[in-house]
There are 2 protein chains.
Amino acid sequence: MARAGLAAERVVRAGAELADEIGFEQVTPSELARKLGIKTASLYSHVKNAHDLKTRIALLALEELADQASAAIAGRAGRDALRAFADTYRDYAFQHPGRFAAARFRLDADTAAASAGMRHSRMMRAILRGYELPELQETHAVRLLGSVFNGYVELEMAGGFSHSAPSSDQSWTEILDALDSLLRNWPAPS
Amino acid sequence: MARAGLAAERVVRAGAELADEIGFEQVTPSELARKLGIKTASLYSHVKNAHDLKTRIALLALEELADQASAAIAGRAGRDALRAFADTYRDYAFQHPGRFAAARFRLDADTAAASAGMRHSRMMRAILRGYELPELQETHAVRLLGSVFNGYVELEMAGGFSHSAPSSDQSWTEILDALDSLLRNWPAPS
DNA sequence: TAAGTTGCCTAAAAGCATTAGGCAAACGTA
DNA sequence: TACGTTTGCCTAATGCTTTTAGGCAACTTA
């Protein structure tokens with residue numbers, strides 16, 4: 001018997017590709033069915049509904065991103081690790097804009113808890129270990145880094161930095177240096 | 001004659017309220033018509049289509065936010081101004097989640113150029129003047145601040161920081177202090 | 001080969017966005 | 001005060017979309 005779940009995964013993977021082609025927002029059952037050459041109703045044997053489809057694409061993207069980031073920081077520490085991790089995010093966003101948008105899809109609490117999202121924060125903590133911050137500050141720093149990475153890439157992809165000097169690449173490098181410097185000189189708690 | 005545009009503005013304002021009630025994504029012509037007690041088709045005399053409706057709500061939110069931020073930083077400088085500006089963003093997001101989401105709606109280049117988005121970056125530059133960064137670094141810093149504010153509030157609203165210590169309020173304060181410290185000790189360009 | 005599963009199908013209900021054409025009331029003007 | 005114009009709504013209709021239900025042929029496994 002062709003195992004259940006296998007086909008569903010192929011469908012989700014096609015959904016991820018579609019997201020990169022037309023944008024995550026535009027991924028709908030009907031559009032995906034069109035891409036797969038089947039009737040829209042047939043999708044519903046693989047996926048519960050439109051929201052479920054998007055959730056599964058999000059989970060796929062989150063995992064892919066975690067895999068790449070994990071590979072990128074292996075064997076690195078401090079500034080190098082920070083840079084490698086951050087670049088992984090940014091590169092992934094440009095290579096797979098639809099998947100990256102999917103990774104930012106708002107999951108309900110349970111799904112999020114079971115997602116690769118946790119791997120992401122664990123990796124950030126691993127990087128921060130090289131900076132020897134007190135534990136409380138480390139959490140603040142994780143939150144700061146997450147905010148910057150997500151925020152920067154989102155603004156950049158929205159075209160916020162495109163028609164003005166200096167180049168976005170330059171700002172990115174400069175900002176990562178600044179963050180590295182900040183992490184080595186984190187101010188005492190107020 | 002009842003001036004054209006007046007009614008359209010009332011419609012958009014109702015759309016903004018609706019966004020806060022049910023979420024910006026869920027604001028559609030049919031839903032808004034329901035709220036206004038008119039037929040869906042009637043909306044199309046005030047608004048070109050669904051995308052136009054969302055764009056107008058976005059512009060409204062952007063302006064509102066700029067007004068509040070401008071009032072908040074008046075008479076302040078340095079750390080105080082930074083804090084006031086940042087808090088305005090965060091408070092606005094919590095008081096008007098739908099409008100805030102609208103403010104992040106991706107506008108096409110022309111519309112964005114004519115929007116209050118420019119006021120936002122001008123205000124950030126005004127704040128940064130208090131830190132006396134070289135001009136190039138100032139642009140990098142503007143981009144960093146924009147990334148952090150947007151990124152942090154988005155993650156926070158997505159529930160990213162809710163079920164773990166320390167509290168999000170604490171991280172926010174700590175992160176703003178860290179940014180203030182960073183701006184006063186921005187590393188030399190690499 | 002028999003039984004069960006899978007992956008697709010058609011059919012149909014309900015809802016949405018959008019266009020077209022119409023009508024009554026409000027308005028500024030002569 | 002009567003007139004033409006504008007406004008703000010309406011109904012009707014088209015062609016999408018999501019989702020549920022029921023069916024059928026092919027393939028898998030025992």
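From a predicted model like this one, the values you see are computed outputs, not experimental measurements. Just so it is clear: chains get the letters A, B, ... in the order the sequence lines come, proteins before strands, and each one is counted from 1.
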Participant: B:Tyr44: which residues meet the ring pair (Phe, Tyr, Trp, His ring centres under 6.0 Å) condition with it, sequence neighbours left out?
Facilitator: none
Participant: Report all interatomic pairs (protein N or O, nucleotide N or O of nucleotides 21-24 of chain C) with separations under 3.5 Å.
Facilitator:
none

Participant: C:dT18 P sits how many Å from B:Leu43 CG, rounded?
Facilitator: 11 Å
Participant: Please tell me if B:Ser45 has a side-chain N or O lying less than 4.0 Å from either OP1 or OP2 of D:dG8.
Facilitator: no
Participant: For the residue pair B:Gln68 and B:Thr88, confirm or rule out a side-chain donor-acceptor distance under 3.5 Å.
Facilitator: no
Participant: Per the salt bridge (Lys or Arg N to Asp or Glu O under 4.0 Å) rule, what does the pair list look like for residues 125-134 of chain A, sequence neighbours excluded?
Facilitator: A:Arg125-A:Glu138
Participant: Kindly write out the residues that satisfy ring pair (Phe, Tyr, Trp, His ring centres under 6.0 Å) with B:Phe100, not counting sequence neighbours, or none if the list is empty.
Facilitator: none
Participant: Tell me whether the OP1 or OP2 atom of D:dC9 has a side-chain N or O from B:His46 closer than 4.0 Å.
Facilitator: yes
Participant: Distance-only check: which donor-acceptor pairs under 3.5 Å involve side-chain atoms of residues 182-189 of chain A, not counting sequence neighbours?
Facilitator:
residue  : atom : partner  : partner atom : Å
A:Arg184 : NH2  : A:Asp180 : OD2          : 2.1
A:Asn185 : ND2  : A:Ser181 : O            : 2.9
A:Trp186 : NE1  : A:Gln137 : OE1          : 3.0

Participant: Starting from C1' on D:dT7, measure out to CZ on B:Arg10 and report it in whole angstrom.
Facilitator: 11 Å
Participant: In this structure, how many angstroms lie between the C1' atom of C:dT18 and the CG atom of B:Asp52, rounded?
Facilitator: 13 Å
Participant: Would you mind listing every salt bridge (Lys or Arg N to Asp or Glu O under 4.0 Å) that reaches into residues 158-172 of chain A, with sequence neighbours excluded?
Facilitator: A:Arg90-A:Asp169
Participant: Mind listing the residues from residues 18-41 of chain B sitting with a heavy atom below 4.0 Å of DNA chain D? Number order is fine.
Facilitator: B:Ile38, B:Lys39, B:Ala41
Participant: Which whole-number value in Å describes the distance from B:Tyr44 OH to C:dA20 P?
Facilitator: 13 Å
Participant: So, using ring pair (Phe, Tyr, Trp, His ring centres under 6.0 Å) as the criterion, who are the partners of B:Tyr92 when residues are at least two apart?
Facilitator: B:His96
Participant: Could you name each residue pair satisfying ring pair (Phe, Tyr, Trp, His ring centres under 6.0 Å) that touches residues 102-138 of chain A, not counting sequence neighbours?
Facilitator: A:Phe24-A:Phe105, A:His51-A:Phe105, A:Tyr89-A:His120
